[in-house]
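Below is one structure; the comments refer to it alone.
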Amino acid sequence: MAAARTLRIGLIPGDGIGREVIPAGRRILEALPSSLGVKFSFVDLEAGFDTFKQTGVALPDRTVETLKKECDGALFGAVSSPTTATKGYSSPIVALRKKLDLYANVRPVKSVAPSPAYPEPIDLVTVRENTEDLYVKEERTYDTPDGPVAEAIKRISTRASTRIATMAGEIAARRARVRQSLGDSSKQALVTVTHKSNVLPQTDGLFRSSSFAALAQQRFKDAGVKVEEQIIDSMLYKLVLQPAYYDVIVAPNLYGDLLSDTAAALVKSLGLVPSANVGDGFAIGEPCHGSAPDIAGKGISNPIATLRSVALMLDFLNEEEAAARNYKAVDGNLAEGKLLTPDMGGKAKTNEVVEDVIRRL
Ligand SMILES: NC(=O)C1=CN([C@@H]2O[C@H](COP(=O)(O)OP(=O)(O)OC[C@H]3O[C@@H](n4cnc5c(N)ncnc54)[C@H](O)[C@@H]3O)[C@@H](O)[C@H]2O)C=CC1
Ligand SMILES: O=C(O)CCCC(=O)C(=O)O
């Protein structure tokens, strides 16, 4: 038998419920059966607002260097970024995405069961550009006779738009292959390009034209991937009205962030929705939610978004079998519906859900 591959995983809990869900992610990785041929070693890393308060730095160099030099992948919890300008503080996760060139933020959203509002299954993926747009964070404030004026740069490049749309096409083609292998003909492969180029013809216009050019590749046509566009405002409207229609949605950074939280509401909780920050050869699994100060410390945060982020990270690190085992265990927990956290209408604690998922591995 081939020796098991060992993956070194950086663990960055951050703040708030990040400190509850990242240990859950580690437990799942440790519990994966060795017969899957992959083992894990871990390194604890710091980032976040608490780190900033203690050291004056939100994203220590050691965290970035250890990820670059030692790790195959990482799990990031969430950070409590202040909503008022705080001298010296800048969001560590936004910085990390850029420093490691994790150019795609992939966020699958799947309903647990039909609901009266959404009788058809919701199963879509938002593919969000992760390095530019308004998230370049180049802001300035200047005085005018009428008071201060603030401006922010929205940067869109051909390169970033092309590579994110290419990834969206690849994800759509792969999802179509999986559906086909399961005999599922419910949905055609579709990439919806979303933008606001009716108002921003240069920035969003470039995102739109680069995306269409990337998605016109013959390999996507061969895979039967249809390409449509939807302006972001009506995109959100249609997403809420008919989410089952959508397959893969590709978006510039900010719209992608808004889309995935909206989609999370349609499947009941942000606590279910995972993400992976993906670059070439590296992935950071990260639940879509934030640090949830309203429930932090109570032991009731939903760990499922993180457990699914573990699976997504494994998928991008080419450990598909381990990822599939993880997804199946999570789906089993949700389908049975006996051990659910309060956001899902249950009374279970975080640890009870984790233990139930581990039993199902
Ligand atoms: N990637 C990151 O590190 C992110 C960090 N944040 C930060 O998080 C802080 C709080 O932001 P909010 O706007 O309140 O968003 P949030 O995502 O933390 O919470 C929104 C709502 O969802 C609930 N929720 C979130 N995750 C949950 C889980 N796993 N289980 C059960 N319920 C859950 C919360 O209790 C809250 O009611 C802010 O400081 C913000 O900067 C927000 C989004 C992403
Ligand atoms: O609060 C922060 O530091 C980052 C929030 C960014 C965000 O919501 C996301 O990208 O998912």
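Every number for a ligand or one of its atoms is a count from 1 in the order of the listing. Fair warning: this is a prediction, and the values are worked out from it, not measured in the lab.
For Thr144 and Asp146, the side-chain atoms include no donor-acceptor pair closer than 3.5 Å.
Asp72 places a side-chain N or O within 3.5 Å of a backbone atom of Arg8 that can act as its donor or acceptor partner. In this structure, the side chain of Thr141 does not engage the main chain of Ala150 through any donor-acceptor pair within 3.5 Å. Put simply, the side chain of Lys298 gets close to the backbone of Asp294: a donor and an acceptor are under 3.5 Å apart. Remark: side-chain polar atoms of Asn253 are paired, donor with acceptor, to backbone N or O of Glu132 under 3.5 angstrom.
Within 4.0 Å of ligand 1, heavy atoms belong to protein residues Ile17, Phe76, Ala78, Val79, Ser80, Ser81, Ile93, Leu270, Gly271, Glu286, His289, Gly290, Ser291, Ala292, Pro293, Asp294, Ile295, Ser301, Asn302, Asp343. Protein residues lining ligand 2, listed by chain and number: Val79, Ser81, Ser91, Ile93, Arg97, Arg107, Arg128, Asp257 [non-hydrogen atoms, distance under 4.0 Å].
Applying the ring pair (Phe, Tyr, Trp, His ring centres under 6.0 Å) definition to pairs two or more places apart or across chains, those involving residues 88-123 are Phe49-Tyr89, Phe52-Tyr89. Applying the ring pair (Phe, Tyr, Trp, His ring centres under 6.0 Å) test to residues at least two apart or on different chains, none of the pairs has a partner in residues 220-261.
Both tests do not hold together for Arg26 against Phe40: distance to the six-membered ring centre under 6.0 Å, angle to the ring axis within 45°.
With contacts defined as side-chain heavy-atom distances shorter than 4.5 Å, the pair Ile22/Thr306 qualifies.
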